[in-house]
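Structure first, then comments.
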Amino acid sequence: MEAPVATSPAIGFPTDGRCSYFVEKKKRFCRMVAAAGKRFCGEHAGSAEVCYRPTFLRIGTELREENARKRILCPLDPKHTVYEDQLAKHLKKCNSREKPKPDFFIQDINAGLKDETEIPEQLVPFSSLSEEQLENLIKKLRKASEGLNSTHEDHIMSHPALHDALNDPRNGDCAVKHLKQQASILGNIEKLKLLGPRRCFVEFGAGKGKLSHWVDIALKDAENVHFILVEKVTTRFKVDGKHRKKNSVFERLQIDIQHLCLNRIPVLREGRLPVVGIGKHLCGVATDLALRCLVETYAASFKEKDEEPLAKRVKNDKTEKESNTLAKEGNEKAVPETWTPVAGIVIALCCHHRCEWRHYVGKEYFKALGLGAVEFYYFQRMSSWATCGMRTSLEASDVTPEKKIAQRGENEEHDDGGDRLTDGSTDSLPGILTAEEKKKIGHLCKLLIDQGRLQYLQQKGFSPALQYYTDPLVSLENVLLTAVPAHLSSQEKNHQ
């Protein structure tokens, strides 16, 4: 005897209190809640495409009234609809409405100057370049990078704060990979003597906030430590909300770095805490925006303030007055002897293919080499060959499947984009370069772009450096940008 065939719930009547709209594609009724006394949810009420089962099609006064009300697309977000006669009310509470801007939001403050004449309106797609055009670009690249050191020093470090986590057997390969990077960044922060009390750590592109989490763990009971986590999108599974230490405060800002004015944040405006800018895998253009935010927008504001007449400064700056009073009382710990707005920068770089000429801080460096927006456009795209070639060699070697999965996870984390160029993959390029040659050219492009950043920091009074902070098997993007004020760096060398 054959077993009876189970009847699908979609064949019967809709669940009480639920929408009576039959979703033909899913062969079931809509499961959204209908308002009291209504047969349909807000999305399906009055829809011209309502599909009813004939067995329970009921046309009555209630349904005719419901269908008479017209639903339209929300003008703020067309992904949802609203009754036309309730549009005005809806616009006041729609989640997509423009919310009041915080005080620290200033439109395009870190964007850099926009010169429309610098960037041609239409550039030839990379995949459409002829062999001659590509050769000319490579010649310009090699000439511009002559004399540059194509390899960096190894600063692969660790920190005791992550010892237990690194040795926890419950962590998989992917988790260990991230922990190794965080441990090395933390070790480099400590080596630069930036890990200490009475300062504010600003993590750009914070994501879940794990880098700040480990900095806080390493600081233990250090006094007067603040963390500002900058991220432009909402993030799930944040770790900063778990910190309840009395001596450290976490503040999360949902804002694009392009519009962030640090000196309008109360803790920085009033506390005069030295800032340490940190970031793990700060993609492309975000690095340039963060550098300008720190050394041009924030630090420059204090320089202008210090140049004001003394009487005006004392009158307008109560915090400075309090700091001077503390110093006179002999409280040396309250006010650092060599106070500087930006104490240091430690940023793990990545995704040079996502840089943009307008926001790039090294424009003057490129122009001095006879290069401009067009060359930058193509160099930025060729930079992805560095990781693309590395991935090819890894896949061709006897790397374990687990390590390949870890590498794939790394690519997903920061959108490496090595073989996902928006205007054509590397395979569609003229076949005049081997994979190894493409890899070397990609590294030169990255080096040239980063060299412009170093020169920018030097001109702003910093002593910058690039170093390898992790093994390429751990992360394809393994270069760390560090910078400390030049006068502090020279003092350190003199003591040595």
Side-chain angles (χ1 to χ4, degrees), residues 155-231 235-253 267 273-283 286-287 290 294 343-350 406 409-410 413-414 467-471 474-475 477-484:
H155 280 220
I156 301 175
M157 307 182 74
S158 190
H159 196 277
L162 288 93
H163 180 269
D164 291 341
L166 284 166
N167 292 283
D168 190 340
R170 294 173 296 179
N171 287 325
D173 288 343
C174 188
V176 171
K177 171 199 69 174
H178 292 299
L179 289 169
K180 285 181 177 179
Q181 294 174 71
Q182 289 154 356
S184 184
I185 293 173
L186 194 56
N188 278 279
I189 293 174
E190 186 172 55
K191 183 178 180 180
L192 293 169
K193 298 186 177 180
L194 298 174
L195 199 64
R198 295 177 297 282
R199 60 196 61 207
C200 178
F201 292 88
V202 180
E203 183 179 356
F204 295 95
K208 298 176 184 177
K210 288 190 174 179
L211 183 56
S212 292
H213 163 78
W214 290 115
V215 171
D216 186 50
I217 297 295
L219 287 170
K220 298 181 180 178
D221 296 323
E223 296 180 356
N224 198 11
V225 178
H226 289 256
F227 293 89
I228 295 176
L229 283 66
V230 182
E231 179 61 64
T235 307
R236 300 178 66 193
F237 311 116
K238 298 184 285 289
V239 298
D240 39 290
K242 300 177 182 178
H243 291 263
R244 295 291 184 269
K245 286 165 60 176
K246 293 181 179 179
N247 298 326
S248 59
V249 178
F250 280 75
E251 182 178 1
R252 181 172 284 266
L253 308 180
V267 67
L273 294 174
V275 166
V276 179
I278 60 176
K280 175 177 175 283
H281 288 162
L282 198 56
C283 290
T287 296
L294 287 167
I345 301 169
V346 181
I347 294 175
L349 305 172
C350 83
E410 174 68 16
E413 179 206 15
H414 57 84
Q467 52 256 328
Y468 297 122
Y469 79 101
T470 193
D471 191 277
V474 174
S475 174
E477 299 279 14
N478 63 336
V479 175
L480 189 71
L481 170 65
T482 64
V484 293

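Values below: all heavy atoms of this structure, side chains included; hydrogens, waters and symmetry mates excluded.
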Side chains of [X] and [Y]: closer than 4.5 Å at any heavy-atom pair?
{"X": "Trp214", "Y": "Ile189", "answer": "no"}
{"X": "Asp168", "Y": "Asp164", "answer": "no"}
{"X": "Val176", "Y": "Lys180", "answer": "yes"}

What residues form a side chain to side chain donor-acceptor pair (under 3.5 Å) with Arg252, not counting sequence neighbours?
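Here the qualifying residues are Asp240.
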
For the student: nearest non-hydrogen atoms of [X] and [Y], plus distance:
{"X": "Arg199", "Y": "Val276", "answer": "CD-CG2, 4.2 Å"}
{"X": "Ile278", "Y": "Ile347", "answer": "C-CG1, 4.3 Å"}
{"X": "Ser212", "Y": "Phe250", "answer": "CB-CE2, 4.0 Å"}
{"X": "Ser158", "Y": "Leu166", "answer": "OG-CD1, 4.0 Å"}
{"X": "Ala161", "Y": "Leu186", "answer": "CB-CD2, 4.2 Å"}
{"X": "Lys280", "Y": "Leu211", "answer": "N-CD2, 4.0 Å"}

Under the side chain to side chain contact (heavy atoms under 4.5 Å, CB included) criterion, do Ile228 and Phe201 qualify, and how do the steps go?
CA-CA 6 Å; Ile228 295 176; Phe201 292 88; over 6 Å; no

Starting from the C-alpha separation in whole Å, work towards a yes-or-no answer on side chain to side chain contact (heavy atoms under 4.5 Å, CB included) for Leu480 and His155.
CA-CA 9 Å; Leu480 189 71; His155 280 220; over 6 Å; no

Are side-chain N/O atoms of His213 and Lys208 paired as donor and acceptor at under 3.5 Å?
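No, no side-chain donor-acceptor contact under 3.5 Å.
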
Enter the distance from [X]:[atom1] to [Y]:[atom2] here, rounded to the nearest 0.5 Å.
{"X": "Thr482", "Y": "Lys191", "atom1": "OG1", "atom2": "NZ", "answer": "9.0 Å"}
{"X": "Gln467", "Y": "Asn188", "atom1": "CD", "atom2": "CG", "answer": "5.5 Å"}
{"X": "Gln182", "Y": "Lys177", "atom1": "CD", "atom2": "NZ", "answer": "10.5 Å"}

Would you please name every residue forming a salt bridge (Lys or Arg N to Asp or Glu O under 4.0 Å) with Arg236, sequence neighbours left out?
none

Qualifying residue, where the test is side-chain hydrogen bond (donor to acceptor under 3.5 Å, both in side chains) with Ser248 and the options are Asp216, Asn224, Asp221:
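Going through the options one by one, the only one that passes is Asp216.
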
How about NZ on Lys210, more than 12 heavy atoms from neighbouring residues, nucleotides or ligands closer than 6.0 Å, or not?
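It does not: Lys210 NZ has 12 such atoms or fewer within range.
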
Ser184 side chain vs Ile156 backbone, donor-acceptor pair below 3.5 Å:
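Side chain of Ser184 to backbone of Ile156: no pair is present.
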
Please check: side-chain N/O of Asn478 versus main-chain N/O of Thr470, any donor-acceptor pairing under 3.5 Å?
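Indeed, once roles are kept as given, a pair shorter than 3.5 Å links the two residues.
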
Evaluate the side chain to side chain contact (heavy atoms under 4.5 Å, CB included) criterion for residues Val249 and Val267: first the C-alpha distance (whole Å), next the side-chain angles of each, then the deciding distance (0.1 Å), finally the verdict.
CA-CA 10 Å; Val249 178; Val267 67; over 6 Å; no

With under 30° as parallel and over 60° as perpendicular, where do the rings of His281 and Tyr469 fit, or are they tilted in between?
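Because their plane-to-plane angle is over 60°, the rings of His281 and Tyr469 count as perpendicular.
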
